[in-house]
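What follows is a set of notes on a single structure, which appears directly below.
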Amino acid sequence: MPVARKARSYRGAVFLLLFLPVITLATEVRRFEGETMGSTWSVNAVLPDGANDTAIRNGIQAEVDRVVAQMSTYEAESDLSSFNRAPAGTWQTLPPEFYTVLSYALSLAKDSGGAYDPTVGPLVNLWGFGPDKHPHEAPDPSTVEAARARVGWSRIRLDDATHRAFQPGGIYVDLSSVAKGFGVDQVARFLDRSGIRAYLVEVGGELRGKGRKPDGSPWHVGIERPGAAAGAVDDPDELQRVIALTDKAIATSGDYRHFFESGGRFYSHHIDPRTGYPVAHRVASVSILADDCMHADSMGTTMTVLGPEQGMAYAKAHHVAVMFILYGKDGCFEERMSPAFAAALKQASP
């Protein structure tokens with residue numbers, strides 16, 4: 001199980017979604033584990049009689065491998081990398097899964113006024129958070145503007161009939177804020193097809209649960225409190241919230257995964273596509289509850305970019321279940337949740 005780590009400031013702390021309580025390898029429940037997307041995946045599942053453990057594990061791995069093969073910017077031969085390299089003015093045929101995710105990402109970009117933008121890749125790379133590894137340092141304004149000129153979700157056109165996308169030239173799509181959640185959903189769909197009716201899927205800390213354990217209890221997950229002590233992940237006092245995750249997905253987004261300091265300033269890996277710069281507001285983490293993890297994952301990024309005021313207004317207007325944890329005074333944290341999150345939390349209390 002992952003653990004939190006102490007950092008020089010709370011901005012470096014890890015906020016994880018954790019399994020509570022730890023599920024043992026009882027005969028009623030199987031636990032499967034593997035690696036993907038630079039992280040790990042795990043599945044706790046109640047298997048039907050006659051289920052083949054090896055086939056289940058291989059099937060799970062195949063689902064996440066397919067997402068990587070289609071949508072990774074870190075794989076030079078992925079379908080996404082091929083699209084990003086495609087000549088200007090060409091139409092590219094995309095695999096069904098890639099097309100589905102890109103289509104959704106573009107619709108969210110439009111709906112959020114560009115706060116979410118899958119073409120933010122040039123800025124992500126410029127600030128040192130993409131696949132091209134280079135020392136983190138704040139770029140000069142002219143370089144930021146040059147990269148920002150390549151960003152613009154509306155420049156991509158789609159053809160639903162043929163599953164093609166238009167590469168206008170210079171567009172670099174980055175789906176890291178949605179592909180992991182989609183991967184969780186793909187695993188869930190595989191488990192459904194396999195006749196499994198109760199499971200908890202986790203990929204890199206993002207989860208989706210269905211059904212209940214054999215004893216009738218729900219799958220419990222926790223949102224770790226910012227600044228929790230290292231090695232204290234099993235201590236309820238170190239958790240911000242504990243939720244019974246039944247037929248829901250949850251994702252947490254924050255400034256804890258990737259950041260750097262330059263010139264005495266802190267720079268988050270969350271880039272605002274509208275300005276070209278990392279977000280600078282008080283958001284420590286954002287947790288989203290949704291029906292599926294693709295929406296939870298991408299909405300976490302959207303809320304983080306919008307910030308607590310604009311984000312909460314958007315959440316209320318669109319019935320988004322979001323909880324913000326904000327940096328406060330004297331090392332304290334402030335919790336704000338939308339009406340939809342408060343209602344879901346009440347229903348999902350353990």
Side-chain angles (χ1 to χ4, degrees), residues 1-3 16-37 39-71 95-97 100-101 179-223 233-234 236 239 241-252 288-297 344-345 347-350:
M1 179 174 290
V3 297
L16 296 174
L17 295 168
L18 310 168
F19 304 115
L20 291 177
V22 175
I23 299 170
T24 60
L25 294 175
T27 56
E28 298 87 351
V29 177
R30 296 288 192 275
R31 182 175 174 85
F32 304 90
E33 298 176 306
E35 298 182 353
T36 188
M37 306 180 199
S39 185
T40 60
W41 64 262
S42 65
V43 171
N44 291 291
V46 181
L47 300 185
D49 292 340
N52 185 307
D53 286 30
T54 300
I56 296 297
R57 190 202 178 283
N58 290 345
I60 294 169
Q61 189 67 57
E63 293 297 335
V64 293
D65 287 349
R66 185 178 300 110
V67 174
V68 170
Q70 293 187 18
M71 300 176 231
E97 296 86 355
T100 295
V101 173
K180 188 188 298 180
F182 180 77
V184 171
D185 295 333
Q186 287 293 88
V187 171
R189 284 186 275 269
F190 165 75
L191 297 175
D192 289 339
R193 295 195 303 271
S194 301
I196 299 173
R197 299 294 175 255
Y199 51 75
L200 182 64
V201 179
E202 178 264 342
V203 177
E206 300 181 3
L207 299 102
R208 178 169 170 171
K210 181 177 181 178
R212 290 174 174 262
K213 290 179 280 185
D215 62 3
S217 62
W219 307 103
H220 287 105
V221 300
I223 302 172
V233 295
D234 295 324
L239 297 172
R241 292 282 177 178
V242 177
I243 299 173
L245 197 65
T246 303
D247 301 326
K248 287 287 184 181
I250 188 167
T252 291
I288 303 287
L289 277 166
D291 290 335
D292 63 70
C293 209
M294 180 176 74
H295 287 80
D297 189 6
L345 187 65
Q347 295 176 356
S349 296

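When reading the values below, keep in mind they use all heavy atoms of this one structure, side chains included, and skip hydrogens, waters and symmetry mates.
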Salt bridge (Lys or Arg N to Asp or Glu O under 4.0 Å) partner of R208, the single match among D185, D291, D297
D185

Atom NZ of K180 and atom CD of E206: how far apart are they, to the nearest 0.5 Å?
5.0 Å

V203 to W41 - nearest heavy-atom pair and separation
CG2-CB, 3.9 Å

Verify, without hydrogens or angle tests, whether Q61 (side chain) and E35 (backbone) share a donor-acceptor contact under 3.5 angstrom.
yes

Could you pull out the closest heavy-atom pair between F32 and R57, with the gap in Å?
CD2-CB, 3.7 Å

Output, in order, the C-alpha distance, side-chain angles, deciding distance and verdict of side chain to side chain contact (heavy atoms under 4.5 Å, CB included) for E28 and D215.
CA-CA 9 Å; E28 298 87 351; D215 62 3; over 6 Å; no

Please round to the nearest 0.5 Å and tell me the distance separating atom OH of Y199 and atom CD1 of I60.
11.0 Å

Can you confirm whether L47 sits close enough to I196 that some side-chain heavy atom of one is under 4.5 Å from a side-chain heavy atom of the other?
yes

CD of E202 to OG1 of T40: how many Å apart, nearest 0.5 Å?
5.0 Å

Quick check for you: to the nearest 0.5 Å, what is the distance between I223 atom CD1 and T252 atom OG1?
5.0 Å

Flag side-chain contact, heavy atom, 4.5 Å: I56 against R30:
no

Mind listing the closest non-hydrogen atom pair of P48 and S194 along with its distance?
CG-O, 4.3 Å

Donor-acceptor contact below 3.5 Å, side chain E63 vs main chain D65:
no

Can you list the steps and then say if V64 with Q186 is a side chain to side chain contact (heavy atoms under 4.5 Å, CB included)?
CA-CA 8 Å; V64 293; Q186 287 293 88; over 6 Å; no

State which residue, out of D192, T246, D247, fulfils the side-chain hydrogen bond (donor to acceptor under 3.5 Å, both in side chains) condition with K210.
D192

State, to 0.1 Å, how close G209 and L200 come at their nearest heavy-atom pair, and which atoms those are.
CA-CD1, 3.9 Å

Least distance between heavy atoms, L207 atom then V184 atom
C-CG1, 4.3 Å

Give a yes or no answer on whether the side chain of S217 reaches the backbone of K213 with a donor-acceptor pair at less than 3.5 Å.
no

Rounded distance (nearest 0.5 Å) linking atom CZ of R241 with atom CG of L345:
5.0 Å

Search all heavy atoms of S42 against all heavy atoms of E33 and return the closest pair with its distance.
CB-CG, 4.2 Å

Considering residues at least two apart in sequence or located in another chain, which fulfil the side-chain hydrogen bond (donor to acceptor under 3.5 Å, both in side chains) criterion with Q70?
E97

Does any part of the side chain of V67, heavy atoms only, come nearer than 4.5 Å to the side chain of T36, both counted from C-beta?
no

